[in-house]
Amino acid sequence: MLSDDEIARRWGGVQQSVRRSTSAATVVAVTKTFPVEAWASVIRAGGHDVAENYAQELISKSEEFSRRYPGLERPRVHFIGRLQSNKVRILAGHVDVWQSVDREVLVDEIARRDPGAHVLVQVDPLGEADKGGCIPGQVPELIARARERGLVVDGLMVIGPTNGDPLLTRRAFERTVELADEFGLPVRSMGMSGDLDLALACGSTMVRVGSAIFGDRPPVR
Ligand SMILES: *Cc1c(COP(=O)(O)O)cnc(C)c1O
């Protein structure tokens, strides 16, 4: 892992990109595959938010963080990975924001295991089935169901297209903002290391940044 100083420098660079844009966006540091030290580095650099993709990894870091850094502010922990409903129970109590909610069974299970939780509905505006997200037509039902069951819907989350085509990416981001506006949702979680500036230009209020802060990740498991 990179040193605290290097992470703080890179963190500053991302913050600068946000300040240069017209959006006021929260930077969520994506720490998947990095050790718990990465959470501590984010807090020391002045951040408050971390995100994880894998249930077991998130739980281990959450427990380890409390043990190893009792004096440090605890980050707000976002779950951003593909979520299986049978993992919700073990994740509850460790997750502060459920970002990848894209179907009814998840709404129901989160409402049951983590009453009143904050959620984002993940949308897939371009119909790229492989990365999760609901089609735009399902967004109203999911929001309504989540609210009925007492969840707080902060906004929408989107992952830009895999091929990175800027025109398609822009279309996905603009459609997401349009939907968020339509339902009066303040949070638009969009933008990663590779499409950060475009997301900010399109009105992102929350960027999820991994490699630009922590360097390249080891190959995915
Ligand atoms: C891994 C991941 C990110 C961060 O990706 P980088 O390219 O490292 O910035 C953001 N969002 C999601 C959903 C991810 O899985």
Side-chain angles (χ1 to χ4, degrees), residues 1-2 6-18 21 23 25-39 41-42 45 47-58 61 75-84 87 91 95-103 106 118-126 128-134 154-166 168-169 172-173 176-177 180 187-202 204-221:
M1 212 181 80
L2 299 176
E6 180 61 12
I7 289 171
R9 194 185 66 74
R10 286 163 164 258
W11 170 265
V14 173
Q15 291 292 350
Q16 220 163 35
S17 301
V18 172
S21 77
S23 300
T26 302
V27 180
V28 177
V30 178
T31 44
K32 62 171 171 242
T33 76
F34 291 104
V36 68
E37 283 88 340
W39 286 21
S41 301
V42 171
H48 304 282
D49 294 85
V50 301
E52 293 286 339
N53 289 62
Y54 308 105
Q56 200 49 60
E57 188 181 336
L58 184 153
K61 282 183 210 172
R76 195 156 69 123
V77 180
H78 302 247
F79 189 86
I80 61 170
R82 298 297 295 272
L83 183 55
Q84 293 166 274
K87 295 287 163 56
L91 281 165
V95 172
D96 299 293
V97 185
W98 304 82
Q99 288 215 11
S100 43
V101 176
D102 62 358
R103 52 196 194 278
L106 291 177
H118 286 254
V119 302
L120 305 184
V121 170
Q122 184 183 347
V123 61
D124 173 20
L126 303 180
E128 287 192 296
D130 61 313
K131 55 179 59 136
C134 67
D154 289 337
L156 302 181
M157 185 272 245
V158 67
I159 301 177
T162 310
N163 70 14
D165 174 343
L168 279 181
T169 307
F173 290 165
T176 302
V177 168
V187 174
R188 303 91 204 269
S189 171
M190 49 190 217
M192 324 199 322
S193 299
D195 51 22
L196 184 68
D197 292 325
L198 184 51
L200 290 166
C202 291
S204 172
T205 67
M206 183 174 278
V207 291
R208 309 176 307 268
V209 184
S211 45
I213 298 171
F214 302 105
D216 289 336
R217 279 184 294 275
V220 189
R221 311 178 278 178

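Atoms within each ligand, like the ligands themselves, are counted from 1 in listed order. For reference, positions follow the sequence shown, starting with 1. None of these values were measured; they are calculated from a predicted model.
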Looking at residues at least two apart in the chain, or sitting in another chain, which of them share a side chain to side chain contact (heavy atoms under 4.5 Å, CB included) with Q84?
N86, K87
The reported gap from CG in D197 to OG in S23 (rounded to nearest 0.5 angstrom) is 10.5 Å
Donor-acceptor pair, K61 side chain versus T31 backbone, under 3.5 Å?
yes
Distance, nearest 0.5 Å, that separates CD1 of I213 from CD of E6:
12.0 Å
For D49, the side chain to side chain contact (heavy atoms under 4.5 Å, CB included) test, sequence neighbours excluded, returns T26, V28, R76, H78
Near ligand 1, which residues have a heavy atom under 4.0 Å away from one of its atoms?
V30, K32, N53, I80, I159, M192, S193, R208, V209, G210, S211, R217
Those residues at least two apart in sequence (or on a different chain) that pass side chain to side chain contact (heavy atoms under 4.5 Å, CB included) with S41 are M1, D4, I7
